[in-house]
Number of protein chains: 2
Amino acid sequence: MARAGLTVERVTLAGAELADEVGFERLTMSALARRLGVKDASLYAHVRGLEDLRGRIALLAADEKTVRIAEATAGLAGRDALVAYAGAYRDYAREHPGRYTATQIPTEIDPELLAVARGPKRAVELTYSMLRAYALREPDLTDAVRLMRSMLHGFISLEAAGGFAHTRPVEESWSRCLDALHTLLEHWPDDPDKEGNTT
Amino acid sequence: MARAGLTVERVTLAGAELADEVGFERLTMSALARRLGVKDASLYAHVRGLEDLRGRIALLAADEKTVRIAEATAGLAGRDALVAYAGAYRDYAREHPGRYTATQIPTEIDPELLAVARGPKRAVELTYSMLRAYALREPDLTDAVRLMRSMLHGFISLEAAGGFAHTRPVEESWSRCLDALHTLLEHWPDDPDKEGNTT
DNA sequence: AGCTATAGTCTAGGGGTCCTAGGAAATGGG
DNA sequence: CCCATTTCCTAGGACCCCTAGACTATAGCT
């Protein structure tokens, strides 16, 4: 009986593919074992359990997404960078719905795994450096990062959940929302509580 | 052996409470039965199954959330209405994380249940009528609604997932994001592809 | 080649969950 | 008081997660 030749990486990748097909929440150890031509107990030699597998998929996805965004925005700045960033983000989520869902889990990921992963940290750096093209100073910069992340994530997950039932094509709303985000970043309002106005 | 006196409504409500405590994805028929002092099989007299229960919780949450928003925004307009709307939305999500998660499910809800529920439809009406205070014409109005929903939902779910690890207090970012949203709605950019500018 | 250590896979099984089928008991209307 | 309905139960099948311990393929060493 030949070995299946599994490793943590192969198991994680197969899990990610399965999650993309059936949905992250329906990812199952038994189904994954069946897909790999193996008994479910065999997976526990590579992965601590279902939670561990989910966490690994989340980190894999964070890495992949970051790479995509980095490639898409390389050499761009300002509006072009923003559109490329958002487009790469959204495309990744649509191509890999299971993996994308994995990145949203409030689950605690094994800390030692997290320490090794570079994806999440790089993603933050990418975002800040892209937004630095706009004339934002802290703390506005952090607020703007949070607004942008909220908007992208919200749009994508509402779209995935079928939340945009209206007849208006989603594609056009997407493009117009990016227009709006861009102008907002260019004209970020002063904090009415902190700054006196120019009078 | 006295009866527990269950009805669909009581089961749904208890399910919603349980979901708020342990998380929507960990809501389970057996656990709900235990909480109600009943065997799990008994629940199937009131609810078609776990999926059905989840759908009912989602509709309950949509109703409750809509009522909250309606109360909070009653009599307000413009900026005040926006802040009240967003605040009610976020507070509901934080008080009832399980129910809120339920509203995001891409799951198909039993159509005949959906027909009876007024929550989702009223929520859309509320949003449009609130935004009508800003000078937006279709299709910009729909795009603005989508942007606002995306931002609110995204912010709330990132916050719930612990996505805002930075030292900046979330409360302040929230308030500043609403400032930004307000000014954006007041100065919604023209569509560069459609309209010539004023030159 | 033979031996050994490691690592990959298996069988067996316990406990949990979802759900169905069919029976018992409480309730309410005649 | 009796009967129909509704509520709840017991019993059981299918599937899932995970552990323990045995077996086997592979690689390195002599």
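On a predicted model such as this, the values are computed, not experimentally measured, just so you know. Computed over heavy atoms, backbone and side chain alike; hydrogens, waters and symmetry mates excluded. Sequence lines set the chain letters: A, B, ... in the order given, protein chains first and strands last, and positions in each chain run from 1.
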DNA chain D nearest-nucleotide lookup for Ala31(A) and Ala45(B): closer to the 5′ end is Ala45(B)

Is there a continuous path of hydrophobic side-chain contacts, each under 4.5 Å between heavy atoms, that joins Leu18(B) to Leu60(B)? no

Here the gap from Tyr89(A) atom OH to Arg68(A) atom CZ, rounded to the nearest 0.5 Å, amounts to 13.5 Å

Leu36(B) atom CG is separated from dC9(D) atom P, nearest whole Å, by 11 Å

Among dT10(D), dC17(D), dC18(C), the one nearest any side-chain atom of Thr28(A) is dC17(D)

Regarding the side chain of Ser42(A), the nearest nucleotide among dC18(C), dC17(D), dC10(C) is dC10(C)

* To do: Could you label the plane-to-plane angle of the His153(B) and His153(A) rings as parallel, tilted or perpendicular, counting under 30° as parallel and over 60° as perpendicular?
  => parallel

Of the candidates dC18(C), dT10(D), dT19(D), the side chain of Tyr44(A) sits closest to dT19(D)

Hey, would you say the Phe155(B) and Trp174(B) ring centroids sit under 6.0 Å apart? yes

In whole angstroms, the gap separating P of dC17(D) from CZ of Arg48(A) amounts to 17 Å

Here the distance between atom P of dA25(C) and atom CG of Leu6(B), to the nearest Å, is 19 Å

- Query: Any side-chain N or O of Arg34(A) less than 4.0 Å from the OP1 or OP2 oxygen of dC16(D)?
  - Reply: yes

Rounded to whole Å, the NZ-C1' distance (Lys39(A) to dT24(D)) equals 17 Å

Asp40(B) CG to dG12(D) P, in whole Å, measures 15 Å

Q) Are a donor atom and an acceptor atom from the side chains of Glu125(B) and Ser129(B) found within less than 3.5 Å of each other? A) no

Rounded to whole Å, CG of Leu43(B) lies from C1' of dC9(D) at a distance of 12 Å

Here the distance between atom C1' of dG16(C) and atom CG of Leu32(B), to the nearest Å, is 16 Å

Rounded to whole Å, the CZ-C1' distance (Arg54(B) to dC19(C)) equals 15 Å

Comparing Ala41(A) with His46(B), nearest DNA chain D nucleotide closer to 5' gives the residue His46(B)

